[in-house]
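Naming: A, B, ... by sequence-line order, numbering from 1 per chain.
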Amino acid sequence: MNMMSEAAVEKALDRKMNAVPFKMIGKDVSVYYGEKRALFDVNLNVRENTVTALIGPSGCGKSTFLRTLNRMNDTIDNCRVTGKITLDEDDIYDPNIDVVELRARVGMVFQKPNPFPKSIYENVSYGPRIHGLARSKADFDQIVEQSLQKAGLWNEVKDRLHEPGTGLSGGQQQRLCIARAVAVSPEVILMDEPCSALDPIATAKVEELIHELRANFTIVIVTHSMQQAARVSQRTAMFHLGNLVEENDTDKMFTNPDDQRTQDYIMGRFG
Amino acid sequence: MTEIVSSSSPAFVRPAAARRDIGIKRRYAAERRFRAYGMAAIMTGLFFLFVLLWTVLSNGYTAFQQTTITLPIEFAEKVIDPKNERATNPSKLMTANYPLLVRDALVKALGIDPKNRPLVKKATDMVSASARTQLRDIVVANPSVIGTTVNVPLLAEGNIDSANKGQIDLKVEESKRKVNDQQIGWMKTLTDSGALTKDFNTGIFTFGASSRPEAAGIGVAALGSLYMMLIVLALALPIGVAASIYLEEFAPKNRLTDLIEVNINNLAAVPSIVYGLLGLSIFINFAGMPRSAALVGGLVLTLMTLPTIIIATRAALKAVPPSIRSAALGLGASKMQTIFHHVLPLAMPGVLTGTIIGLAHALGETAPLLLIGMVAFVVDFPGSPMEPSTALPVQIYMWANEAERAFVERTSGAIIILLIFLVVMNLGAILLRRRFERRW
């Protein structure tokens, strides 16, 4: 951190990155799928109202780490997580923590757009409904409108809220999924390669959206695209073979990384 | 780009002589042969289906017609209630000599000498013995009819019915056939006078069992089948769906669940008669439930249908994309909310199809019912599933064993009715699926 490039220093001063408090803290996180160990003592912290990008070659454990953050790994048989992950002050693997409540605080957007085969309105209102965030129809209407506006989808769908969400285009579906995640007002949004199934125009829209969402949410995004990581994130973490290689400010990461492996990966020498 | 492509493309074009013989002609010939096999297979299937339907329909359509002889019956008081004691003794009306009324009416209509006993016997043989109960019911329902003359359509006896439908070969020597020349002559007379007519046979739908074909119907059997279907639906659907959801979504994948899965698949292949034995020993011998009851039949068919429903439901649950599950779980839905809000509704068309296929299977099942005493001669409609009844396919089985010509057509007629039920159920399955699919 002491040897930052000038640009990075500027950027860091601009964002006061080091002053930004941690939202989630991962300490010695290891994940096992049966006998196979997928993550090796990862220490990675996620800063508040920051976009943190997780990059690395396929199978490096970045998605696995992402999924430990809202305990989606629980749904996989014989998957075991050790170490400690806290959200604010709460240990999320504490037996007293309710996974339902955790996932309301840490939302998730998946690689493939996966709207429910229901209407757009029902898609967005489902989360608030099961979490009891609204009572009256008017409350729901308001949440749906706000969420769709935050996801930049309102103007496109406001006249057909009761048409099926699966009838939208791929990019619209993905923004609908983001609206659905936003609707429960989470603190953190996890995105697992949210643009890998989208065309460049839809990708640009989603990236723009991520930028805007940063004001209100903490975002962790897994991406295969180095350019995307450089465009949308302020912090980048590089994984390789289940190890965290380097975590740094994005600008520094892509100009003057500390680790040789990061340099090689960014330059396209492996991956 | 185009330059590169055009300059490099000649490299991919080999001279014709150098081309390997990969048997293009043989490949196409093989494909054509395969198509021909497929067509042949379908044609064979259609042919047999056509033969089946044709046989059943051509044999069975006459079952929906019934010959009736409408006679002016004089409800004479001197026959029914000679001592005028019906006010004090209502059972008098139950035991009156009603056949005598039929005899008198016939004798009058045909103009025969009442003293000529053999001739009178031949005449009365033309009318079904069920006329007795028919007239009794009229009188009991409305005693004021006594003393008047009413035109009553009486069922013709089975053989007369067959003869009227042209099913009895009149060229056969008289002593060897069921209908004699005298009766044939009377039939002509009665037809000319408009008394003997062929009408739509409502009786086949409403009557219970009878040894006289003209008075036999599938009413009791249909009601018994209805009871059983309701029991199967009420038990097999919830149990089957609950079992599938648990096995598919909650149960840990280990040896035990593997074993359960293998056994469920095996149970689907267990011969149905074995379920009959199981029902006999458990429900009747051990639990002491009544024999011949639709309740026991329904329970046995439930056991038989469960594996079908479980397999279909599990397949339908498996077919729901995992992304839907992760979407709901990622939003903070509990596992149960995920299943009941998203997975099960999406799997519902498959579940319904499986259920209706299972029900249709159960509706046509005969063997297990034989063992629990549902092969029974049940005349009265069962008031509840606890009372003796029989089932449609069992009724078909029993009629197929009868000797009279008129039962042959009734057997086919009952098959037609059963097939219509099955077609309607399958149509219902398709319509329900459509509706559910449109909702999503």
Side-chain angles (χ1 to χ4, degrees), chain A residues 63 66-67 69-78 98-119 122-133 163-167 173-174 176-186 189-192 197, chain B residues 241 244-262 313-353 432-440:
Chain A
S63 283
L66 188 79
R67 293 164 66 92
L69 296 180
N70 70 342
R71 292 182 54 178
M72 281 301 275
N73 282 332
D74 289 12
T75 59
I76 299 168
D77 279 345
N78 66 47
D98 183 22
V99 72
V100 166
E101 199 196 329
L102 169 70
R103 287 183 192 146
R105 292 174 68 189
V106 185
M108 190 156 187
V109 176
F110 296 85
Q111 184 170 3
K112 233 182 89 204
N114 57 353
F116 298 127
K118 299 184 178 189
S119 72
E122 283 174 274
N123 260 289
V124 181
S125 64
Y126 181 69
R129 192 151 58 80
I130 59 172
H131 292 297
L133 299 182
E163 283 174 32
T166 40
Q173 285 189 20
Q174 193 63 297
L176 177 61
C177 292
I178 294 174
R180 185 176 65 187
V182 164
V184 289
S185 322
I189 300 178
L190 310 177
M191 298 186 174
D192 192 354
Chain B
V241 171
S244 329
I245 289 179
Y246 179 76
L247 283 174
E248 198 56 45
E249 308 281 344
F250 291 100
K253 302 275 172 284
N254 56 26
R255 275 249 176 97
L256 185 67
T257 46
D258 281 352
L259 194 71
I260 291 174
E261 175 157 10
V262 168
T313 307
R314 292 190 67 180
L317 289 173
K318 236 178 235 168
V320 174
S323 65
I324 296 294
R325 279 174 233 232
S326 1
L329 289 173
L331 270 177
S334 69
K335 199 152 190 182
M336 190 148 154
Q337 286 173 325
T338 305
I339 291 163
F340 283 93
H341 293 169
H342 301 288
V343 178
L344 193 57
L346 283 176
M348 217 52 205
V351 176
L352 283 180
T353 314
L432 275 175
R433 286 183 66 166
R434 285 263 174 83
R435 255 198 71 158
F436 263 99
E437 272 166 1
R438 211 173 285 160
R439 262 186 60 194
W440 294 99

_Among the listed options A:Arg180, A:Arg71, A:Lys112, the residue most often paired with chain B at heavy-atom distances under 4.5 Å_ = A:Arg180

_For the student: nearest non-hydrogen atoms of B:Ile324 and A:Pro117, plus distance_ = CD1-CD, 3.7 Å

_What residues of residues 328-338 of chain B make heavy-atom contacts with chain A at a cutoff under 4.5 angstrom?_
B:Ala328, B:Leu329, B:Gly330, B:Leu331, B:Gly332, B:Ala333, B:Ser334, B:Gln337

_Test of ring centre spacing under 6.0 Å for B:His341 and A:Phe116_ = no

_Contacting moiety of A:Pro115, where chain B heavy atoms sit under 4.5 Å_ = backbone

_Contacting moiety of A:Arg105, where chain B heavy atoms sit under 4.5 Å_ = neither

*For chain B, which of A:Met72, A:Arg67, A:Glu101 has the most heavy-atom pairs under 4.5 Å?*
A:Met72

*State, to 0.1 Å, how close B:Ser326 and A:Phe110 come at their nearest heavy-atom pair, and which atoms those are.*
O-CZ, 3.3 Å

